[in-house]
Undergrad: 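I have a structure here, written as structure tokens, and I will follow up with some questions on it.
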Protein chains: 2
Amino acid sequence: MPTDPDFSLDEVDRQILAELQQDGRMTNVELARRVGLSAPPCLRRVRRLEEEGIIRGYHAELDPVALGYEITFFALVGLESQKEAVLSAFEGAVKEWPEVRECHMIRGGGDFLLRLVARDTAHENALTSRLTAAPEVARVQTLQTIRTAKDAAGVPV
Amino acid sequence: MPTDPDFSLDEVDRQILAELQQDGRMTNVELARRVGLSAPPCLRRVRRLEEEGIIRGYHAELDPVALGYEITFFALVGLESQKEAVLSAFEGAVKEWPEVRECHMIRGGGDFLLRLVARDTAHENALTSRLTAAPEVARVQTLQTIRTAKDAAGVPV
DNA sequence: GCTCGGTGCGCAATATCATTGCTCGACCCG
DNA sequence: CGGGTCGAGCAATGATATTGCGCACCGAGC
């Protein structure tokens, strides 16, 4: 079990998680200062959180536009079958597409919600067509993102 | 201008971005080694990428379940009006809800796609009810996440 | 009331890292 | 061919991460 629904998180742990979720590159010295600990026990707590899988990793957040991805959109994809083999095949296929950033199965059936990025509208259309043309895909509804009011990673702490 | 659709990114820059997107806490020494630079110029490039807003920040990725959030779901929300004041009011309201992690306006009209987290199904139901009861909300369709095949943050580099 | 573990903190020392100033070579333009 | 710019590497310094150790606190059992 990578993660226990364990209650081994005290107030200091939660504060550490909140700080690192907001700024994952904070130095341990600064983190320790903020949570009111000295550096060594603070670092030991961070290591423990990492080892227990509560902290899964650290990531730089990049600007999609600067990297040439002007468009973020979602796609609701319905498959023709709900057989596990078909579902897995679809997941495996889109996992290989770099433009597909997230793939969530929803409602237990043959439906998926995908988040994708595209360089421009032509690229977006190509991706949508590629989805529609994929085997077993019955319908595709794209949800174009116009503007994003909130985009907080992770969870409240 | 926070971000230029600038072509000032060479191959080394892209490699730096890819590495930091994957492991945002990598030491500069290690990063330099991987991209084939010595530490100082590597650090200077990272600083430049940060200052130009191409790197927006760094975040720890936390395990929602370990923090008591068993459920992630999406909600398609339709408003009764497309007036800008109504849209903004809705955005402003859900921005204050900690369980709402993302809020995207879609299709330019009165529709939003939200990503939410909930502690359990009761909590999820309460959130859905709260959405439905919000002013100007015409309809709410929840998309429960059954399983996630891919969840890559950011963009391909 | 007292002792025995167990747990978790702070201190101090050392290895590692980040950061700065400087020099040097490659390249471009006149 | 000479001045200018850009970016890399080297070396030195300050800051940080990391480890080992001793001490205080807390609960259980006698």
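Since we're looking at a predicted model, the values are computed, not measured. Here is the naming used below: chain letters follow the sequence lines, and residue numbers restart at 1 for every chain.
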Undergrad: Does B:Asp10 pair with B:Arg45 as a salt bridge, N-O distance under 4.0 Å?
TA: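 Between B:Arg45 and B:Asp10 there is a salt bridge, with a charged N closer than 4.0 Å to a carboxylate O.
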Undergrad: Tabulate atom names and distances for all N/O pairs under 3.5 angstrom spanning the protein and nucleotides 17-19 of chain C.
TA:
| unit_1 | atom_1 | unit_2 | atom_2 | d |
| --- | --- | --- | --- | --- |
| C:dA18 | OP1 | B:Asn28 | N | 2.8 |
| C:dA18 | OP2 | B:Asn28 | N | 3.1 |
| C:dA18 | OP2 | B:Val29 | N | 3.1 |
| C:dT19 | OP1 | B:Arg47 | NH2 | 3.0 |
| C:dT19 | OP2 | B:Arg47 | NH2 | 2.3 |

Undergrad: Does atom CD (A:Glu91) have a neighbourhood of more than 12 heavy atoms from anything else shown, all under 6.0 Å?
TA: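 For A:Glu91, atom CD is crowded (more than 12 foreign heavy atoms under 6.0 Å).
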Undergrad: Can a salt bridge be assigned to the pair A:Glu51 and A:Arg48 using a cut-off of 4.0 Å between side-chain N and carboxylate O?
TA: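 Answer for the salt bridge query: no.
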Undergrad: Can you name the atoms? Protein N/O to nucleotides 5-8 of chain C N/O, anything below 3.5 Å, with the distance.
TA:
none

Undergrad: Is A:Asp111 salt-bridged to A:Arg139, going by a charged N under 4.0 Å from an acidic O?
TA: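 Judged by the 4.0 Å cut-off on N to carboxylate O distance, A:Asp111 and A:Arg139 do form a salt bridge.
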Undergrad: In dot-bracket form, how is DNA chain D paired, counting a Watson-Crick or G-U wobble pair only if both its distances are under 3.5 Å and using | for bases paired to another strand?
TA: ||||||||||||||||||||||||||||||
Undergrad: Among the clusters formed by ILVMFWY side chains lying less than 4.5 Å apart, do B:Leu43 and A:Leu62 turn up in the same one?
TA: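 The answer is no; the residues belong to distinct hydrophobic clusters.
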Undergrad: How long is the line joining CZ of B:Arg44 and P of D:dT5, in whole Å?
TA: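 After rounding, the gap between these two atoms is 18 Å.
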Undergrad: Does this structure show an ion pair linking A:Arg147 with B:Glu84, if we count only N-O contacts that are shorter than 4.0 Å?
TA: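 A salt bridge links A:Arg147 with B:Glu84.
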Undergrad: Any chance the rings of A:Tyr58 and B:Tyr58 have centres within less than 6.0 Å?
TA: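 Ring centres of B:Tyr58 and A:Tyr58 not closer than 6.0 Å.
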Undergrad: Under the salt bridge (Lys or Arg N to Asp or Glu O under 4.0 Å) criterion, do A:Glu30 and A:Arg34 qualify, and how do the steps go?
TA: CA-CA 6 Å; A:Glu30 172 66 11; A:Arg34 293 198 187 192; 2.8 Å; yes
Undergrad: Rounded off to whole Å, could you give me the CG-to-P distance for the B:Leu31 and C:dT16 pair?
TA: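 Result: 19 Å.
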Undergrad: What distance separates A:Ile146 CD1 from B:His104 NE2, expressed to the nearest 0.5 Å?
TA: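 If we round to the nearest 0.5 Å, A:Ile146:CD1 and B:His104:NE2 are 12.5 Å apart.
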Undergrad: Nearest heavy-atom pair of B:Leu87 and B:Gly110: which atoms, and what distance?
TA: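 Looking at all heavy atoms of both residues, the shortest contact is CD2-CA, 4.0 Å.
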